[in-house]
Amino acid sequence: MSEISRYNFRETEQKWQKLWEDGKVFEVSDNSSKTYYVLEMFPYPSGNIHMGHVRNYTLGDVLARYKRSCGFNVLHPMGWDAFGLPAENAAIERKIHPGEWTYKNIATMREQLKTIGLSYDWSREFATCDPDYYRHEQKFFLDFLKNDLAYRKESYVNWDPIDSTVLANEQVIDGRGWRSGAIVERKKLSQWFLKISHFAEDLLAGLDKLTDWPDKVKTMQEKWIGKSVGAKIEFRIANRESRGSNDSDHTTRITVFTTRPDTLFGMSFCAISPQHPIAQRLATSNQQLATFIEECNRIGVSEEAVEKAEKKGFDTGLKVKHPFDSNREHPVYIANFVLMEYGTGAIFGCPAHDQRDFEFATKYGLPILPVVSDPGRESRVEEAYTGDGTIINSGFLNGLDVTKAKEKAIEELLKLECGEKTINYRLRDWGISRQRYWGCPIPIIYCASCGTVPVPEKDLPVKLPEDVTFDKPGNPLAHHPTWKHVNCPKCGKAAERETDTFDTFFESSWYFARFCSDTSDPNPLSKSATLKWLPVDKYIGGVEHAVLHLLYARFFTRALHTCGYLEMDEPFKGLMTQGMICHETYKDAAGNWLCPEDLLRNDEKILDKKNGQPVTVGRSEKMSKSKKNVVDPREIITSYGADTARLFMLSDSPPDRDLEWTEAGIDGSWRYVNKLWRLLLEQNDAEAEQPDEVASLKLRQETHKTIARVTEDIERFRFNKAIARIRELSNLLGTLTDKNPGDAKTETVNAIVHLISPFMPHLAEELWQQLGHQDMLAHRPWPKADPALCVEDEVTIAIQINGKLRATILCAAEATREEVESLALSVKNVQDFLKDKQIKKIIYVPGKIINVVAV
Ligand code: ANZ
Ligand code: ZN
């Protein structure tokens, strides 16, 4: 037997990475129509890869490699989501240009990604900050304008008065700007919007067809779209100041949106938003009211902030008439909990059946009249009843149930011409203007004479200027001495560019489609290429993108379809959301977080390396810099190799679950890699003897069953199970010491090498070569299981009745409990014994005994 050398992962991994790259092994070919598109959410080039990236890309890589070996023409590209705020922060903090910082990071991260051995087609790589990429989205924007899918309007934003910038809702923490700490204000700004609301119904209906998406993501999108069926009701203002004949609707009526027209008789007030036109008008002549509105504006614009704030109202003195009873009049309040951006910006309040209205009515001493019978009324205190019931105290609606009463109320409103059925969506149009430098410039010019003028297509791209400074707060594009000054494309007079840039979600809304064509293609989206590749067969990424990114991409696909660029509506056929990577947390005696490297492991004890003090071990949490429980993938790959890291990531838990990173786990994977190396090469070395027929058949059966199961497991994204099955087969091979299965061994060895190749591609290629094969494993077809060798084993099961053996049956070893039970109960002898008895319980010992307890 020749000496088997130790597995040298460093040399091996580099060797194969180079061979794959030099041989352009993973470059997509155009010669096969059997296509498969695997895509992982592309990274933001922050500087270094983290474990979450490694998991995400490894999951995609397994699928891509597997599908390729199944004969698919696989598209598996990678690029960079390269615009964004961190680059500007780096510019401020380190005085480095955002572009330079970004491209440097891309170079670093590209090299780091290459050490993982991912089967990307790097020829399609791009960064979204390349003018060659963003010029296309400037063109899309112009097309959206033409197709009435983009518009400009004044809207309220969260404004940070210190950084003089708009903040996203997520950047407002406890009412303060996340960076400056300044109290955030509401401010009215002119912003560009994309009309995602135009597709609200279609985006909702489309979810039903996404059968290969996780339910939780679909539910989140459904909630986000937030369809509410209800009614619009117009209330006449009873005591308005007379203004003569040119009264607008705003001075004579208040229109509300309600989902509960059945509760109209329980109404006790109307409330309008502080930003409602009536409120604004009244404030011009009422200082107290103006102050109240100003206070409301300080809450910020997010629904959450409004929800949390104490409910407050301001009585306008106006009264509205009840539509069903002209004798009733109700006060009109301005209330801080009414959002201008939802429905009509006005409500009617029914305190008995809405908790917020209840609190409001209690605070301001307004009547609380129940109109839906409440079975638990006696016990309910200080609480609105929101359940179903029979309508009471409601004139012509009395006696109806809630659903019927809603219909009847709407019928009546229609007759009275003061209301109608309506559908409202929570989904708002997407505000895409950002007062930032490091984003795609919005291709618009403002001219004093011509107004808003789109940049002519021939002048695209509108490129970002290179010479910018970050020494002043606010947007560097607005400060730039020359950039924004242009001549109006229409009249030629001096005009100014839009200095806002697109929200960075704009870039990630269509990158998957750009990957379909060669980067040299001057068209943004080639029809034949997108028809060939889209929708993406499997999209893999974090569940944190369940709404924004994934919804925007679905919207963009529809919008680009409308504009004639694409032929389909859904971008992602299949979606897989991976779990997080977690790790234990550690704190020193003073309560400060400690990194895993700061620890000294002494027997059972864990001590602080600095001072030998005991360390408190906390629960496992998502790896994060703030808790210092991160493990750097670069270190893992340097000390164990990429395959070991991949193996651990894939085998520890199912892809959609959280993964617990442990040193013991990575060590275990390392040992298995080495064991497999020796085991498979040893088998190859064994001398030929007279084979044992029984052992041979048994091994062949196990091998083919494993092929079948692993194939099925990969198809179903059960990578951890697939690996467990391969381990079982390799264990079996390792225990075949006294029997000689002959050639079957070679077949098993080859199968194992093949089956591990999507998971541990370097190790597999090297083994394949060491076993004497000339070709590359990446070019070989996936092994096929022989069905004749996959028949399941049968087991004999004893059937007992009250503990006494009455019969035996033969069952497939894989049979479920239900199958075994029904088979057992169908046996004649068993039926005879049970004839006059009643079955109390059936106890099943899998694969052995079934005991029927009967009296
Ligand atoms: C009267 C009423 C009576 C209501 C009742 C509820 C219960 P969803 O389901 O989320 O669509 N509403 C309408 N517009 C609003 C706004 N701009 N800001 C704050 N609240 C608003 O909720 C619809 C309900 O939310 C509407 O139905 C309205 O209150 C309130 F027993 O009208 B309801
Ligand atoms: Zn002009």
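Whatever order the structure lists ligands and atoms in, that order sets their numbers, starting from 1. Please read all numbers here as calculations on a predicted model, not as lab measurements.
For His353 and Phe358, the distance between ring centers is not under 6.0 angstrom. Two rings, from Phe140 and Phe506, have their centers 6.0 Å or more apart. Here Phe193 and Trp430 keep their ring centres 6.0 angstrom or further from each other.
Using a 30° and 60° split on the angle between ring planes, Tyr333 and Phe269 fall in the perpendicular class, above 60°. Note on ring orientation: taking the six-membered ring where Trp is involved, the planes of Phe144 and Phe556 are perpendicular (angle over 60°, cut-offs 30° and 60°).
Remark: the Glu498 side chain and the Tyr446 side chain contain an N/O donor-acceptor pair separated by less than 3.5 Å.
Not a single heavy atom of Gly343 sits less than 4.0 Å from an atom of ligand 1. By the 4.0 Å heavy-atom criterion, Arg356 is counted among the residues contacting ligand 1. Look at Asn424 and you'll find every heavy atom at least 4.0 Å from all atoms of ligand 1.
Thr390 places no side-chain N or O within 3.5 Å of a backbone atom of Ser373 that could act as its donor or acceptor partner. Judged by distance alone, the side chain of Asp160 and the main-chain N or O of Ala182 form no donor-acceptor pair under 3.5 Å. Asp325 places a side-chain N or O within donor-acceptor distance of the main-chain N or O of Asn327, the cut-off being under 3.5 Å. When atom types are taken as modelled, the side chain of Ser394 and the backbone of Ile392 share a donor-acceptor pair closer than 3.5 angstrom.
Set against the non-hydrogen atoms of His353, the atoms of ligand 1 under 4.0 Å away are 5 (C), 7 (C), 31 (F). Contact atoms of ligand 1 toward Phe348: 1 (C), 32 (O) (distance under 4.0 Å to a heavy atom of the residue). Per-residue contacts place Val338 under 4.0 angstrom from the following atoms of ligand 1 (heavy atoms of the residue considered): 16 (C), 17 (N), 18 (N), 19 (C). Atoms of ligand 1 lying under 4.0 Å from at least one heavy atom of Phe337, given by number and element, are 18 (N), 19 (C).
Crowding of Lys408 atom NZ: a count of heavy atoms from other residues, nucleotides or ligands under 6.0 Å not exceeding 12.
In terms of protein heavy-atom proximity, atom 32 (O) of ligand 1 is nearest to Thr258 OG1, 2.7 Å. The protein heavy-atom contact nearest to atom 27 (O) of ligand 1 is Thr259 N, 3.1 Å. At the top of the distance list for atom 3 (C) of ligand 1, counting protein heavy atoms only, stands Thr263 OG1, 3.3 Å. Nearest protein neighbour of atom 28 (C) of ligand 1, counting heavy atoms only, is Phe257 O, 3.7 Å. Looking from atom 7 (C) of ligand 1 to the surrounding protein, the closest heavy atom is Arg260 CG, 3.4 Å. Nearest protein neighbour of atom 21 (C) of ligand 1, counting heavy atoms only, is Ile347 CG2, 3.3 Å. Nearest protein heavy-atom neighbour of atom 18 (N) of ligand 1: Leu339 N, 2.9 Å. The protein atom (non-hydrogen) at minimum distance from atom 6 (C) of ligand 1 is Asp354 OD2, 3.5 Å.
The SG atom of Cys491 and the SG atom of Cys450 meet at the Zn ion (ligand 2) at an angle of about 110°, given to 10°.
For a threshold of 3.5 Å applied to N or O pairs, the pair formed by Tyr342 and ligand 1 contains at least one separation below that value. In terms of N/O distances under 3.5 Å, ligand 1 is approached by Ser228.
A salt bridge links Asp503 to Arg434: one of the charged nitrogens lies within less than 4.0 Å of a carboxylate oxygen.
Checking atom 10 (O) of ligand 1 against the protein gives a heavy-atom contact under 4.0 Å.
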